[in-house]
2 protein chains.
Amino acid sequence: MTDRPQASGETLLFLTDDQVRRGIEAMFFAYRGFTADPDRILAEYGYGRAHHRAIHFINRRPGLTVTALLATLGVTKQSLNRVLRALVEDGLVESRVGPRDKRERNLYLTDSGIALEAALSEVQGRRVRAAYRAAGPEAVAGFRRVLEAMMDPDLHGLYAREAERI
Amino acid sequence: MTDRPQASGETLLFLTDDQVRRGIEAMFFAYRGFTADPDRILAEYGYGRAHHRAIHFINRRPGLTVTALLATLGVTKQSLNRVLRALVEDGLVESRVGPRDKRERNLYLTDSGIALEAALSEVQGRRVRAAYRAAGPEAVAGFRRVLEAMMDPDLHGLYAREAERI
DNA sequence: ATACTACGTCAGCCTTATTGACATTCCAAG
DNA sequence: CTTGGAATGTCAATAAGGCTGACGTAGTAT
């Protein structure tokens, strides 16, 4: 379909199919690198990425309700429940009855939960920082802009809007 | 640990833990958006991302051997075999006995395989292009630089070196 | 009093991944 | 020519993490 080399005219940003495929490939490799370090720590606890995500978002929004976390992660409650139950049983997450609405459960990290979160974001952040350093400041700004644009507006919009509201 | 706001001195690129966490979060949301469109197509075929990855790399390197694909994907042969068998049975991938070394199997996409790959990279590329357009050309360059730096050198190095060799 | 919401849980199923074991084919080195 | 090892395929068992469907309970809201 598209086979012009570089061009620029109307779009100023013309990419061949091959260039796009390289970008797709880069996302795959980068995401794998991105998750490799936390995965190793999680494995020691018998946890997976699902646990990491829950811990991450509870840390970001202490007091988050189960429904809100469900919407953020985009999984079913049955799926999340298994993960959440393990975290609560292991004493990393605390589930308090909602003060306003008693049906709700507000989720908080315990001290051990905070410690694990710190360890996870430390190793993951190490790689992110290293990549940022290697690429340079303007590259980081561009990176973030592309990522934002790549997000699914339906799924992420809710989260972003909620973030402002709170 | 780190709570200075912006700074710049020695590193020229100082990021707070919170900024790094936002980056981590952005990767999560972006990767989900990135895979959403292909996932819908794959579901129609009863396939998953594993099939997509196999199709992608066979398309990129027609004649790829099973061992090379194994190393690229970083999975076990048992895991890949299931995926590969489905693709061969469904007539999307052809597995030819190696001409030089008859133990090897060279993998090729059939016409239907090429068609599916085109459909997948079309929808995925659509989102990538949209994100690139929204972010601008310099942002894209920066994005790629950060992604490259984020890859696991051990895993990706092999692939990159092999790409040059061929 | 009734309807709806938030949450938890049981059961069953699927995909993708793992480890371990074993067979086959075939290249290459002694 | 024999033998070791490499490339591949396959069987079995297991696990994480996701899904749907169904059901129950507590609490809010009308």
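Throughout, a chain's letter reflects where its sequence line sits, starting with A, and its residues are numbered from 1.
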Practice problem: Would you kindly give the CG-to-P distance between A:Leu42 and D:dA15, to the nearest whole Å? | Solution: 19 Å
Quiz prompt | Distance, rounded to the nearest Å, where B:Glu44 contributes CD and C:dT15 contributes P | solution = 16 Å
Self-check item: 5'-most by nearest nucleotide on DNA chain C - A:Gln78 or A:Asp101
Solution: A:Asp101
Practice problem: Send over the distance from B:Arg96 CZ to D:dA7 C1', rounded to a whole Å. | Solution: 19 Å
Practice problem: Using a strict 4.0 Å threshold on nitrogen-to-oxygen distance, state whether B:Glu25 and B:Arg21 make a salt bridge. | Solution: no
Quiz item: Does a nitrogen or oxygen in the side chain of A:Thr76 sit under 4.0 Å from OP1 or OP2 of D:dG18?
Solution: no
Quiz item: Just to confirm, is there a sub-4.0 Å distance from OP1 or OP2 of D:dC19 to any side-chain nitrogen or oxygen of A:Ser79?
Solution: yes
Quiz item: What residues, two or more places apart in sequence or in another chain, satisfy salt bridge (Lys or Arg N to Asp or Glu O under 4.0 Å) together with B:Arg40?
Solution: B:Asp37
Quiz item: Want to settle it: does A:Arg105 or A:Arg53 sit nearer the 5' end of DNA chain D, counting the closest nucleotide to each?
Solution: A:Arg53
Quiz item: Can we say A:Lys102 and A:Glu104 salt-bridge, meaning some charged N sits less than 4.0 Å from an Asp/Glu carboxylate O?
Solution: no
Quiz prompt | Separation of C:dG8 P from A:Leu87 CG (nearest whole Å) | solution = 13 Å
Exercise. Round to the nearest Å and state the distance from B:Glu104 atom CD to C:dA28 atom C1'.
Key: 14 Å
Quiz item: Any ion pair linking B:Asp18 and A:Arg60 (charged N to carboxylate O, less than 4.0 Å)?
Solution: yes
Quiz item: For A:Lys77, which contact category applies under a 4.0 Å heavy-atom criterion: base, sugar-phosphate, or nothing?
Solution: base
Quiz prompt | Atom-to-atom span, CG of B:Asn81 to P of C:dT16 - whole angstrom | solution = 14 Å
Quiz item: Could A:Arg129 and B:Asp17 be called an ion pair, given the rule that one side-chain N must be under 4.0 Å from one carboxylate O?
Solution: yes
Exercise. Could you check whether A:Arg82 gets within reach of a base, just the sugar-phosphate, or nothing at all, counting any heavy atom under 4.0 Å?
Key: base
Exercise. Take the protein atom CZ of A:Arg100 and the nucleotide atom P of D:dA29, then report the distance between them rounded to whole Å.
Key: 9 Å
Quiz item: Any N or O donor-acceptor pair linking the side chain of B:Arg103 to the base of D:dA6 at under 3.5 Å?
Solution: yes
Practice problem: Verify the contact: side-chain N or O of B:Arg85 to OP1 or OP2 of D:dC11, cut-off strictly under 4.0 Å; return yes or no. | Solution: yes
Exercise. Find which nucleotide of DNA chain D each of A:His51 and A:Lys102 is nearest to by heavy atoms, and output the residue with the more 5' nucleotide.
Key: A:His51
Quiz item: Atom CZ of B:Arg32 and atom P of D:dG18: how far apart are they, to the nearest Å?
Solution: 11 Å
